[in-house]
Amino acid sequence: MSTFATDLTIDDLKTEVDRMFSRKRLVNFGLPALVLVYLSYVFFAFDVSGLAGRANWENGKTLIADSYSYKTHVTRDNRNGEVSVAIEGERKGSYPDGQAPDWVALGETTVVDLEDGHIVRFGPETVEYDIPGYGTVRATPTRAAGVQAELPTDKVPDWINMSKNRMAITTDAGRLTVTRNRSEVFRYFTGWELFWFTLDSPYYGKSFPELAGLAAQGEAGAILNDFWTNKMWRHQDVAWAIFETILMAFLGTLGAGMVALPLAFLATRNFNPLKTVRFATRRVFDFVRGVDALIWTVVLARAFGPGPLTGALAILVTDTGTFGKIFSEALENVDQKQIEGVQSTGANAPQRYRFGVIPQVTPVLLSQLLYFLESNTRSATVIGAITGGGIGLLLTQAIITQKDWEEVAYYIVLIILMVMLMDWFSGWLRRRLIQGETGPRRRTAQTGKAG
């Protein structure tokens with residue numbers, strides 16, 4: 001029977017059809033118009049047009065350069081004349097006394113060759129910088145009068161920053177900073193220096209064939225130990241931090257699944273006839289998942305103190321609410337005939353749940369657990385930055401220093417690899433546990449059986 005087979009007249013039907021089409025046109029054109037108005041509001045409210053003007057592109061270029069390169073600092077203490085050379089300016093990366101790279105000539109006047117004609121000289125009293133196409137800049141640091149600078153021209157270029165107590169020169173070859181107490185020049189080099197071995201290691205500077213030859217002679221353990229205990233890059237600490245992050249995600253996800261499954265039975269109509277209990281259980285699920293994991297992290301850190309266990313508890317609390325909702329919906333959709341079939345065998349209530357219910361919801365349970373395990377691996381990185389555990393803490397510390405951005409890049413690469421590994425692992429485990437093995441052995445067995 002037609003939808004319009006009613007007692008309405010032709011004119012009434014036309015009016016009804018026009019009203020329906022008018023509503024449809026209003027929805028089709030009204031919703032895009034509302035979205036456009038909202039986006040226009042966002043554009044002006046957040047001053048998107050001025051974003052490019054506020055951006056500091058020089059800082060951005062510096063951060064990008066620091067992520068794939070390192071700086072070697074040559075520092076002169078203006079109070080006693082001592083000169084030190086260190087990679088990234090860190091004490092752990094300092095060259096031994098009297099040693100320096102080949103582009104630094106130590107002496108009464110230390111000469112730093114930045115190449116392409118850029119030369120810095122640390123004299124007993126005066127610091128000089130020869131800049132091709134501009135001239136020689138001289139700076140004399142004194143305790144009483146500050147930094148007295150002499151420029152080859154009266155006009156100060158943009159790449160020279162001068163004040164009474166400080167002078168900074170930034171060129172493509174490097175950067176020179178002179179203050180009352182210290183004169184420092186650094187030079188960029190591509191790569192992650194000291195990633196494998198530190199300067200005090202006997203294996204520093206050796207090529208891969210040389211290391212392979214030493215390993216074949218019985219020094220493999222010593223080589224691995226020097227790499228593992230690297231004081232600059234802390235590979236041992238980083239590996240433990242990755243383990244802590246994965247452990248937080250695993251404990252939080254698995255614990256949430258174990259807590260949520262029995263509670264999910266209390267939130268379903270077909271397993272719990274008490275409406276009050278169902279309502280209370282569902283509201284508990286709404287409460288714990290309505291508060292973000294980061295908020296639970298702060299709350300639990302105040303109660304239990306910082307540490308990986310606090311992060312695991314924060315994930316557990318948040319995911320208990322999410323799993324409770326998902327599991328309860330899966331339980332409400334189970335096939336009652338399968339339960340009745342198990343009951344007809346004389347099974348009691350726990351047996352009916354075990355053999356009639358759990359097998360039906362197991363694919364949903366495992367699929368969600370494995371998905372959240374992968375997702376929580378990323379979340380554990382952020383949570384670890386707050387609770388003081390995992391790779392998130394190391395990443396936060398590296399960012400706060402505003403100096404070693406190659407370490408930040410290193411940690412980000414490790415986090416991406418960790419997430420990719422967990423994604424592969426959860427997918428592989430999902431196929432094994434839910435879909436069954438579909439490899440050559442199984443197909444061969446099926447073919448043999450069919451034959």
Side-chain angles (χ1 to χ4, degrees), residues 63 67 92 228-261 263 284-326 368-426:
L63 294 182
S67 66
K92 293 178 291 187
W228 190 244
T229 58
N230 188 312
K231 297 186 294 293
M232 285 282 289
W233 289 86
R234 302 185 298 169
H235 300 299
Q236 185 176 9
D237 296 336
V238 171
W240 177 253
I242 291 287
F243 173 75
E244 280 187 343
T245 302
I246 296 176
L247 185 63
M248 275 193 289
F250 178 78
L251 292 179
T253 306
L254 183 63
M258 295 175 63
V259 174
L261 182 59
L263 293 178
V284 170
F285 290 157
D286 293 339
F287 172 72
V288 295
R289 80 170 184 272
V291 180
D292 191 81
L294 292 179
I295 306 301
W296 284 118
T297 302
V298 175
V299 173
L300 293 173
R302 296 281 293 179
F304 299 102
L309 182 59
T310 303
L313 287 175
I315 295 175
L316 185 150
V317 172
T318 305
D319 284 358
T320 295
T322 305
F323 285 154
K325 177 179 175 59
I326 295 173
Q368 293 300 325
L369 281 172
L370 293 174
Y371 170 76
F372 274 84
L373 175 62
E374 171 197 341
S375 177
N376 288 334
T377 303
R378 298 189 297 270
S379 301
T381 301
V382 181
I383 291 175
I386 300 176
T387 62
I391 192 66
L393 176 62
L394 297 182
L395 179 62
T396 304
Q397 291 175 342
I399 292 175
I400 290 176
T401 60
Q402 292 288 318
K403 181 176 61 175
D404 298 335
W405 281 92
E406 65 271 23
E407 289 189 16
V408 176
Y410 175 46
Y411 298 147
I412 290 176
V413 169
L414 289 179
I415 291 170
I416 293 174
L417 293 176
M418 177 182 64
V419 172
M420 292 173 61
L421 176 63
M422 294 303 297
D423 177 40
W424 169 83
F425 175 73
S426 63

Practice task
Measure the spacing between CG of Leu316 and CH2 of Trp296 and express it to the nearest 0.5 Å.
Solution key: 11.5 Å

Practice task
With side chain to side chain contact (heavy atoms under 4.5 Å, CB included) as the test, would you mind laying out the steps for Thr322 and Phe372 before giving the verdict?
Solution key: CA-CA 10 Å; Thr322 305; Phe372 274 84; 3.4 Å; yes

Practice task
Take Phe323 and Thr253 through the test side chain to side chain contact (heavy atoms under 4.5 Å, CB included) and record every step on the way to the result.
Solution key: CA-CA 9 Å; Phe323 285 154; Thr253 306; 4.1 Å; yes

Problem - Gap separating the OG1 atom of Thr229 from the CD atom of Gln236, nearest 0.5 angstrom - result: 7.5 Å

Handout entry: Under 3.5 Å donor-acceptor, Thr310 side chain and Pro306 backbone
Key = no

Handout entry: Nearest non-hydrogen partners of Gly392 and Ala385, listed with the distance
Key = O-CB, 3.6 Å

Problem - Intermediate values then yes/no, side chain to side chain contact (heavy atoms under 4.5 Å, CB included), Val238 and Ile391 - result: CA-CA 7 Å; Val238 171; Ile391 192 66; 4.2 Å; yes

Exercise for the section: Of all the heavy-atom pairs spanning Ala314 and Ala293, show the shortest one and how long it is. Expected result: CB-O, 3.9 Å

Handout entry: Rounded distance (nearest 0.5 Å) linking atom OH of Tyr411 with atom CG of Leu394
Key = 5.0 Å

Completion exercise
Closest non-hydrogen atoms of Met248 and Gly389, given as atom of the first, atom of the second and distance, are CE-O, 4.0 Å

Practice task
Could you tell me whether the side chain of Ser379 reaches within less than 4.5 Å of the side chain of Asn376, counting heavy atoms only?
Solution key: yes

Completion exercise
One should read off an interatomic distance between Ser375 OG and Leu370 CG, to the nearest 0.5 angstrom, of 12.5 Å

Handout entry: Rounded distance [0.5 Å steps], OG1 in Thr377 versus CG in Asp423
Key = 10.0 Å

Practice task
Taking Lys92 for its side chain and Lys231 for its backbone only, find out whether a donor-acceptor pair lies under 3.5 Å.
Solution key: yes

Problem - Val288 side chain near Thr318 side chain, heavy-atom distance below 4.5 Å - result: no

Handout entry: Backbone N/O of Ala380 and side chain of Thr245: donor-acceptor pair under 3.5 Å
Key = no

Exercise for the section: For the residue pair Arg234 and Trp240, establish whether any side-chain heavy-atom pair is separated by less than 4.5 Å. Expected result: no

Exercise for the section: Dump the intermediate steps for side chain to side chain contact (heavy atoms under 4.5 Å, CB included) on Val408 and Ile412, then the final yes or no. Expected result: CA-CA 6 Å; Val408 176; Ile412 290 176; 3.8 Å; yes

Handout entry: Heavy-atom closest contact (Asn230 atom, His235 atom, distance)
Key = CB-CD2, 3.7 Å

Please report, to 0.1 Å, the donor-acceptor pairs under 3.5 Å made by any side chain of residues 413-420, with sequence neighbours excluded.
none

Fill in the blank from the handout: Distance col, row Ile315:CD1 vs Leu300:CG, nearest 0.5 angstrom, shows 11.0 Å

